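What you are looking at is a predicted structure, and each value in this text was computed from that prediction instead of being measured.
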Amino acid sequence: MKNVTPVIAIHGGAGTISTSTTSPEQAQAYHDALQTIVRAAQAALLEGLSALDATCLAVEMLEDCPLFNAGYGAVFTHEETHELDAAVMDGATLAAGAIAGVSHVRHPVRAARAVLEDGAHVLLAGAGAEAFARDRGLEMVEPFFFSTDARRQQLYRVRDTGRVVTDHEGAAMTKPPLDEDKKFGTVGAVALDMHGHLAAATSTGGMTNKRVGRVGDSPLIGSGTYADDRSAAISCTGSGEMFIRVAAAHDICARMAYGGATLEAATHAVVHGSLPAIGGTGGLIAVDRHGNLSLAFNTEGMYRGHARGDAAPVTAIFAA
């Protein structure tokens, strides 16, 4: 039995910073939420729970926090509906599960894990994914459960421009640390447990004003989510279509496995090379099998937090 120092990292989206209008109270609200969630996942890892358990716990808590675009507080589609996506992957077995386009599942990450545990499929979407969640006894809610007035006003602002934007990308009337209309609102977690195993989990409400039926990178294994004990665990946040086109999460693992790149070199190549080359913006969190961390982004900031062993969690919003 290995005795590895566990590591947890989480993200709550990346995007444009409005430093001139950021109040200490606004920033503190995000730091407090990130600290609480990191501490809960850190405690789970120190108790011997698996990386998969810890990442799912962290993402479930992020889904419950209206500050972030996943679960409660998710953004609206063009038709004023919600369509939620999530994915989980176990680096020890390469088992993966994902759901896309659901509107009644209280915790999309739980449904994604149920798909993983069932093992028959990797990705379920729409009505079929919701039927599966019901069959597994997961908590179901009416779609309005996910709605907040702030997200509805965000939709109206963006819809008036005729654009489809990531959660951190339009002109906000009120500006928290990351402009709510100009941030890539995906949440995620990656972890290394004391047994030496890796896992990743990601959840999102998608893009504000998106076309009904649009699926981004988050639930696509290898694009927005990936984990392999031989290399790293990755959860992405950004312009999903671009992350899909470069298979961002898997490409990092491939650079490490086949090219001998370090985690830092591999994430830098993708975030500051492959993505910008096609207009891709956003960021990601990653941890490798040695416990090295990378929290890389090519935007002005990314909500993020991490902890190693029993050390105090570290959280950040802006670029260093």
Subject >> Members sharing L284's hydrophobic cluster (side chains within less than 4.5 Å) >> reply: I234, M242, F243, V246, I252, M256, L263, V270, V271, L275, I278

Original post:
Backbone N or O of C253 within a donor-acceptor pair of the D228 side chain at under 3.5 Å?
Top reply: no

Subject >> Carboxylate-amine/guanidinium proximity below 4.0 Å for D53 and R113 >> reply: yes

Subject >> Under 3.5 Å: donor-acceptor pair, side chain of T204, backbone of G206 >> reply: yes

Original post:
Going only through I, L, V, M, F, W and Y residues with side-chain contacts under 4.5 Å, is there a path from M140 to V102?
Top reply: yes

Original post:
Are H306 and V38 close enough, and set up right, to give a side-chain contact (heavy atoms from CB on, under 4.5 Å), and what steps lead you there?
Top reply: CA-CA 6 Å; H306 69 274; V38 170; 5.8 Å; no

Original post:
At their closest point, which heavy atom of R136 faces which heavy atom of A114, and how far apart are they?
Top reply: CG-CB, 4.3 Å

**OP:** Applying salt bridge (charged side-chain N to carboxylate O under 4.0 Å, His left out), name anything that partners E47, two or more places apart in sequence or on another chain.
**Re:** none

**OP:** With sequence neighbours left out, write down each residue that passes salt bridge (charged side-chain N to carboxylate O under 4.0 Å, His left out) with D229, or none if nothing qualifies.
**Re:** none

Original post:
How far apart are the closest heavy atoms of I8 and A191, and which atoms are they?
Top reply: CD1-CB, 3.9 Å

Original post:
Side chains of H107 and E63: do they bring a donor and an acceptor to under 3.5 Å?
Top reply: no

Original post:
Okay, side chain of K210, backbone of E83: is any donor-acceptor separation there less than 3.5 Å?
Top reply: yes

**OP:** Quick one: closest heavy-atom pair of R110 and E60, and the distance?
**Re:** NH2-OE2, 2.5 Å

Subject >> Cluster check I99, V215: I/L/V/M/F/W/Y, side chain < 4.5 angstrom >> reply: no

Subject >> Exceeds 12 heavy-atom contacts within 6.0 angstrom, atom NE2 of H272 >> reply: yes

Subject >> Joint cluster assignment, Y303 & V187, ILVMFWY side-chain distance < 4.5 Å >> reply: yes

Original post:
Do the side chain of D288 and the main chain of A232 share a donor and acceptor less than 3.5 angstrom apart?
Top reply: no

Original post:
Has the side chain of T55 got a donor or acceptor atom that lies under 3.5 Å from a matching backbone atom of A199?
Top reply: no

**OP:** Considering non-hydrogen atoms only, spot the tightest contact between I285 and A9 and give its length.
**Re:** CD1-O, 3.4 Å

**OP:** Ignoring hydrogens and angles, state whether a donor on the side chain of H82 or S103 is under 3.5 Å from an acceptor on the partner side chain.
**Re:** no

Original post:
For A247, which residues count as a side-chain contact (heavy atoms from CB on, under 4.5 Å) partner, sequence neighbours excluded?
Top reply: none

Original post:
Judged by modelled atom types alone, do T225 and S235 share a side-chain donor-acceptor pair under 3.5 Å?
Top reply: no

**OP:** Check the side chains of H195 and S50 for a donor-acceptor pair under 3.5 angstrom, ignoring hydrogens and angles.
**Re:** no

Original post:
So, for A86 and P219, which heavy atoms are closest and what is the spacing to 0.1 Å?
Top reply: O-CB, 3.7 Å

Original post:
Sequence neighbours excluded, which residues qualify as ring pair (Phe, Tyr, Trp, His ring centres under 6.0 Å) partners of H250?
Top reply: Y226

**OP:** Keeping the roles fixed (side chain from R304, backbone from M302), state whether a donor-acceptor pair exists under 3.5 Å.
**Re:** yes

Subject >> side-chain contact (heavy atoms from CB on, under 4.5 Å) partners for A33, two or more places apart >> reply: C65, L67, F68

Original post:
Side chain of D193, backbone of H197: donor and acceptor closer than 3.5 Å?
Top reply: yes

